[in-house]
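FYI, the numbering just counts along the sequence from 1. Computed over heavy atoms, backbone and side chain alike; hydrogens, waters and symmetry mates excluded.
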Amino acid sequence: MSADRKSDGQSSGAPAADHQRYQLVVHGVRLVTAEGVVPGGIAVADGRIARILGPGERPPSVRALDGGGRYLLPGLIDSHVHFRTPGLTHKEDWAHASRAAVAGGVTTVIDMPNTVPPLLTPQDAHRKAELVSGTSLVDFRFHLGVAGDDPSPLLEAGPREATSVKVFLAGHHTAPHVVREPAALERVFRTAAQAGLRLLLHAEDDGVFALLDRWRGAPTAYREYERHRPRSGAIAAVARVLELVQRHGTAVHVLHVSTAEEADLLTAAAYVGLPVTFEVTPHHLSFTATDAEHLGARVRLSPAIRETPDQERLWQAVLDGQAATLGSDHAPHSRAEKLRPPADAPPGLPGVQEMATAVHTGLRRRAPGEEAGAQANADAQVSRLVRLLATRPAELFGLDGRKGRLQPGLDADFVLFDADERWMFGPGDVQSKCGWSAYEGWTMTGRVQLTARRGETVYALDPDGGAGFGAADGLWLDATAPRPPIGGPAPAPGGSPAGRSRP
């Protein structure tokens, strides 16, 4: 990878009639676009992609970046982060979390509302944007939250403030606002449909867990956590959610799906045309319940890490296009909190930095012909990442007029990604304020070399493995109102496509 500060010349393949001098030209890359992976480059002007370049094209530019044959991805979007600002900044803050994000190729995040105080109204969103401004390497949005029995504040929100609402059906250490009563949940679904907001669900049944806790008591060992927060709570909650979707037509995105049964139910719902999508986390793809034997609370999540058959079903959802998005559920806690006794250690772990590389590593391990380095397989793997971490989240959350693709007119957010580099993720790589990662010691395949937001470098990997960061001038983004899931329903069993989802 080489960058020339000044570049006034053109390669022999550049069009002679091009007299514009661009802000930046990226050349010598494999572009990951909606149409496929093609060799070429991009020209950037005023922070936007001005042109897609063919192989050999290199028009005049102030700066030039030679990608050395690596992939150029659109800037990734993490639609599920807990950056902990405000109120929980002893374990993470926006400045550190955004450094972790850009080190993982993420240029846009949508932050969750369970902070202190929580983000529950449109006015809260404006106050939080002011608080974050000047500290963020990434562009950002917020999900609204719901507390109590009155969801009417949702009716006041316009697309500027939020296009989505997070609802917890079960609580934990940092999620005190839980909608437990059926009548209250019904009002939330009805109000969200009326307001045109997409509901994001932490879909576990708090009543199921309370009943089991009264019988079993608290866990006495880390490995018992999954048994105390079992799949039955998630399955019961998803069934309840689907009933409400059918009744009210509310657009729903179910977060951090953890079981095979949930994946089956949600895939079937999309197949018959319900406005339902779902997310998978890298943690549920990377770890199983047996990892708690040696990693303890490092891999304690809510929902819990499940068994190997569940993990394989989630990988199937990724490979078959049934999952709509990947979300890191970046939710750090301090080491001291994670070292509490088994009954008290909070669920959650950092992941915005590790997500793309961890999932790409898993894709490489599952792809036929990986050992031979088949180009078609490598292209398919990065294309899946882009669909799950750029194109689809941009579509679902009203950002596709600006983010999610390498396309003229959109923001020049991009990631230079070496899909073949093998490296070990170590403690010194961690950018999160918490200072630890469940992936420490993992051998990864694929590494972010450079991340740019609106044409300006916000992260660059040094040759010695160090890192440099750019200006913390990320923007609170506008968005358009959400629309029903697009791109067709989930594939039918056996792979044959069904008809398109009805609006």
Where do N377 and Q381 land on the side chain to side chain donor-acceptor pair (under 3.5 Å) test, with the steps shown first? CA-CA 6 Å; N377 285 329; Q381 290 150 17; 5.4 Å; no

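- Y439 and F287 have their aromatic ring centers within a separation under 6.0 angstrom.
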Residues Y459, L450; criterion side-chain contact (heavy atoms from CB on, under 4.5 Å); working and verdict: CA-CA 5 Å; Y459 168 81; L450 181 143; 5.8 Å; no

Does E161 form a salt bridge (Lys or Arg N to Asp or Glu O under 4.0 Å) with R141? I'd like the steps, not just the answer. CA-CA 8 Å; E161 291 83 21; R141 294 278 297 165; over 6 Å; no

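- Looking only at distances, no side-chain donor or acceptor of S136 sits under 3.5 Å from a matching main-chain atom of S133.
- Between the side chain of W476 and the main chain of K128, no donor-acceptor pair closer than 3.5 Å is present.
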Start with the C-alpha gap between D78 and H330, add the side-chain angles, then the distance that decides, and say whether side chain to side chain donor-acceptor pair (under 3.5 Å) holds. CA-CA 9 Å; D78 192 345; H330 178 83; over 6 Å; no

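- Not counting sequence neighbours, K166 has no partner by the salt bridge (charged side-chain N to carboxylate O under 4.0 Å, His left out) test.
- Here the side chain of D320 pairs no donor or acceptor atom with the backbone of A317 at under 3.5 angstrom.
- Counting only distance, with no hydrogens or angles, the side chain of T135 and the backbone of V132 share a donor-acceptor pair below 3.5 Å.
- In this structure, L120 and L144 approach most closely via the heavy-atom pair C-CD2, 4.1 Å.
- Taking the centre and axis of the six-membered ring of W94, the NZ or CZ atom of R99 falls outside the cone set by 45° and 6.0 Å.
- Shown are V29, V32, V448; of these, the side chain to side chain contact (heavy atoms under 4.5 Å, CB included) with L73 is made only by V32.
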Report the C-alpha separation of I110 and F142 in whole Å, then their side-chain angles, then the decisive distance to 0.1 Å, and conclude whether the side-chain contact (heavy atoms from CB on, under 4.5 Å) test is met. CA-CA 5 Å; I110 312 181; F142 309 122; 5.6 Å; no

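- For H256 and H202, the distance between ring centers is under 6.0 angstrom.
- Listed for the H283 side chain is a donor-acceptor partner under 3.5 Å among the backbone atoms of S328.
- In summary, R447 and E421 engage in a salt bridge, as defined by a charged side-chain N under 4.0 Å from a carboxylate O.
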Quick one: do Q23 and E456 satisfy side chain to side chain donor-acceptor pair (under 3.5 Å)? Show the steps, please. CA-CA 10 Å; Q23 167 191 349; E456 297 297 331; 3.1 Å; yes

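- For the pair T163 (side chain) and P159 (backbone), a donor-acceptor distance under 3.5 Å is absent.
- Within the 3.5 Å criterion, the main-chain N or O of S258 finds a donor-acceptor partner in the side chain of E262.
- In this structure, R70 contributes its side chain and L416 its backbone to no donor-acceptor pair below 3.5 Å.
- A distance of 12.5 Å separates OG1 of T480 from CZ of R402, quoted to the nearest 0.5 Å.
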Apply ring pair (Phe, Tyr, Trp, His ring centres under 6.0 Å) to H177 and F168, showing your working. CA-CA 7 Å; H177 300 291; F168 289 90; 8.9 Å; no

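- With sequence neighbours left out, the salt bridge (charged side-chain N to carboxylate O under 4.0 Å, His left out) criterion links R247 to E186, E243.
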Salt bridge (Lys or Arg N to Asp or Glu O under 4.0 Å) assessment of D411 paired with R48: CA-CA 4 Å; D411 282 355; R48 302 281 180 115; 2.9 Å; yes

Stepwise, does the side-chain contact (heavy atoms from CB on, under 4.5 Å) test hold for E279 with V257? CA-CA 6 Å; E279 167 199 272; V257 166; over 6 Å; no

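- A salt bridge is defined here as a Lys NZ or Arg NE, NH1 or NH2 lying under 4.0 Å from an Asp or Glu carboxylate O, and R405 with D400 fails to meet this definition.
- With ring centers used as reference points, H143 lies under 6.0 Å from F397.
- Under a 4.0 Å N-O distance rule, the pair E261/R231 qualifies as a salt bridge.
- Atom NE2 of H82 and atom OG1 of T85 lie 13.0 Å apart (nearest 0.5 Å).
- Judged by distance alone, the side chains of T325 and H253 do bring a donor and an acceptor atom under 3.5 Å apart.
- The closest donor-acceptor contact from the side chain of T451 to the backbone of V102 lies under 3.5 Å.
- Interatomic distance, OH of Y22 versus CG of D46, reported as 11.5 Å (0.5 Å rounding).
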Intermediate values then yes/no, side chain to side chain donor-acceptor pair (under 3.5 Å), T267 and D264: CA-CA 5 Å; T267 300; D264 287 347; 5.8 Å; no

Please evaluate residues L200 and M112 with respect to the criterion side-chain contact (heavy atoms from CB on, under 4.5 Å), reporting the C-alpha separation (whole Å), side-chain torsions for both, the decisive distance (0.1 Å), and the verdict. CA-CA 10 Å; L200 279 70; M112 289 297 171; 3.9 Å; yes

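- Ion pairing between R454 and D413 fails under the 4.0 Å rule for side-chain N and carboxylate O.
- Here K403 pairs with D139 in a salt bridge; the nearest charged N to carboxylate O distance falls below 4.0 Å.
- Aromatic rings of F417 and H360 (six-membered ring for Trp) have centroids within the 6.0 Å cut-off, being under it.
- Shortest non-hydrogen contact noted between A356 and L385 is O-CD1, 3.9 Å.
- For the pair D420 and R364, the salt-bridge criterion is met [side-chain N within less than 4.0 Å of a carboxylate O].
- A donor-acceptor distance shorter than 3.5 angstrom exists from the side chain of Q353 to the backbone of D429, with no hydrogens or angles considered.
- Atom OG of S164 and atom CG of L197 lie 7.5 Å apart (nearest 0.5 Å).
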